[in-house]
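One structure below.
Residue numbers count from 1 along this sequence. Counting starts at 1 for both ligands and their atoms, following the listed order.
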Amino acid sequence: MNDTSFRTHLPPQGNPPETLWEIMTEARSQDAPWQAGRVFSLVFWAGDDVAAVAHEAYSRFFAENALNPSAFPSLRRFETEVISMTAHLLADDDAVVGNMTSGGTESILMAMKTARDWARAQWPRRTPPEVVLPATAHPAFAKAAHYFGLTLVPIPVQEDFRADVAAMAAAISPRTVMLVASAPSYPQGVVDPVAEIAALAQTHGLLCHVDACVGGMMLPFIARLGYPVPPFDFRVPGVTSLSVDLHKYGYAAKGASVILYRHAALRRQQMFASTDWSGGIYASPTMTGTRPGGAIAAAWAVMNYLGEAGYLRLARTVMETTQQLQAGVTAIPGLQILGKPTMSVFAIASPRLDMYEVGDEMTLRGWHLDRQQAPPSLHLTIHAGHAPVVPAFLADIADAAAAAGRLRPRRLMWHLGQRGAAGLLRLLPPALASRLTEKAGALLASGGDLPQRSAPLYGMMGALPHRQDVEALVLDLLDGFTRPPRGKGAGKR
Ligand SMILES: *Cc1c(COP(=O)(O)O)cnc(C)c1O
């Protein structure tokens, strides 16, 4: 078997496992090197011991399916305990109920679907139902609105990147059913004024969802360590639902999140049952049918392995690492931290440097940082695996900032050209601008991999006059992601 060739058909004969391991090892050689602490998103590392516990628990329940809780009382027990342990971190109230889901997105989809159906029952005239949320809220809310027929009313945030409560109040209409707050938001890591938003919701008799996907398993512990944490959970009157991911700072295996509701009557609107199918009575609380037993077992095992003491120890390391990184970055001329991040998620920006150039310089030095827009910034989510790399990171980002600040004639020309192009695109009729975008999309798709330097890409996207053009370009890319590369591997067996 040629390791680099692309397979499009099932092989006629099976392969020995060693062959597969060889191909898989080769295939991942270009993957982001998170093990070295060089990746600042997607992975949450808590130590080899924690990973081993998750791994072992997952393997033990590898085959089991949590679709039918009566077949596997073990999984039912683990899931119930996971939900209860999570709820009691975030509520004093035993009335809080919830379910495990596959991740933050599914938890938010469920909260939105529940809000829609609660509204249908309580306020049938509020159609389409509207959800008022800070513009920094996670795209999962937009996805849910897209799937379930709700209308989102995104409200620009304040200068400190926290939700603007007065503007949210002004946006409440006769169709509003729910307000949203993030604890914290993903882009800048700041906790919205949850108490004020929940009070506003209460005044208007509305639902209030708190997105604590990234913060729910971190904020309770850093609060106990003495870091300032504004109230954000069910202890705040008026909060009616809350999402919290276990596969982030809960350090569980991927595929583990919890959606919680203040009371069971609200949660009832989440559930689904079909009673007339010839296959029998089918009932399911969340989006998915078959659910992996491994994800539930691993979450249960990790929570019981770490306990409060383990989470506190990890939270301390993560916060100390975060503070060292933030202090170091702030000391570098031209760089700053956006807002006042509450925990270990934050963004680096600059009033004068092109942050996409800084990001490209960091990529060239072997670091993986997500790019953000409005304002342009680099995003970091810190885990314990970053503790040893602080000095190396700070040295490299200082170099990267210096490199991005140097006037390079070729790059300057490019930027001038791009500004010109932006102006030109604005003058073009939309159809012509779209054609240009199509060409840009084809160019990127044929390249296969995203280029090492993405600053031009982001610059180009920012320069496109129509948001639909950017969306079309992104969807074209997505469409291409799971297609075999053209001309390669045809008929390969
Ligand atoms: C990660 C995250 C989500 C989405 O969670 P997934 O597990 O990626 O689906 C939602 N909201 C916030 C604030 C997040 O950080």
Do me a favour and list the nearest non-hydrogen protein atom to [atom] with residue, atom name and distance?
{"atom": "atom 12 (C) of ligand 1", "value": "Asp211 OD2, 3.4 Å"}
{"atom": "atom 1 (C) of ligand 1", "value": "Lys248 NZ, 1.4 Å"}
{"atom": "atom 6 (P) of ligand 1", "value": "Gly104 N, 3.5 Å"}

Practice problem: Please name the pair of heavy atoms, one in Leu200 and one in Met168, separated by the smallest distance, quoted to 0.1 Å. | Solution: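 Scanning both residues, the minimum pair turns out to be CD2-C, 4.3 Å.
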With backbone taken as N, CA, C and O and side chain as the heavy atoms from C-beta onward, which portion of [X] lies under 4.0 Å from ligand 1: side chain, backbone, both, or neither?
{"X": "Thr105", "value": "both"}
{"X": "Pro184", "value": "backbone"}
{"X": "Val345", "value": "neither"}

Quick check on the 6.0 Å ring-centre criterion: do [X] and [Y] meet it?
{"X": "His379", "Y": "Tyr186", "result": "yes"}
{"X": "Tyr251", "Y": "Phe44", "result": "no"}
{"X": "Phe393", "Y": "Phe40", "result": "yes"}
{"X": "Phe78", "Y": "Phe61", "result": "yes"}

Quiz prompt | Residue Asp245 vicinity, atoms of ligand 1 by number, heavy atom under 4.0 Å | solution =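 Taking each heavy atom of Asp245 in turn, ligand 1 has 1 (C), 5 (O), 7 (O) under 4.0 Å.
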Quiz item: Roughly how far apart are Ser243 OG and Met112 CE, rounded to 0.5 Å?
Solution: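 It is 11.5 Å, given to the nearest 0.5 Å.
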Quiz prompt | Backbone or side-chain N or O of Cys213 under 3.5 Å from ligand 1 N or O | solution =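 N/O-N/O distance under 3.5 Å: no.
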Quiz item: Glu106 to ligand 1: N or O pair under 3.5 Å?
Solution: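 No, there is no polar N/O contact under 3.5 Å.
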Self-check item: Name of the residue among Thr240, Thr114, Asn99 meeting side chain to side chain donor-acceptor pair (under 3.5 Å) with Tyr261
Solution: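 For Tyr261, the side chain to side chain donor-acceptor pair (under 3.5 Å) check succeeds only for Thr114.
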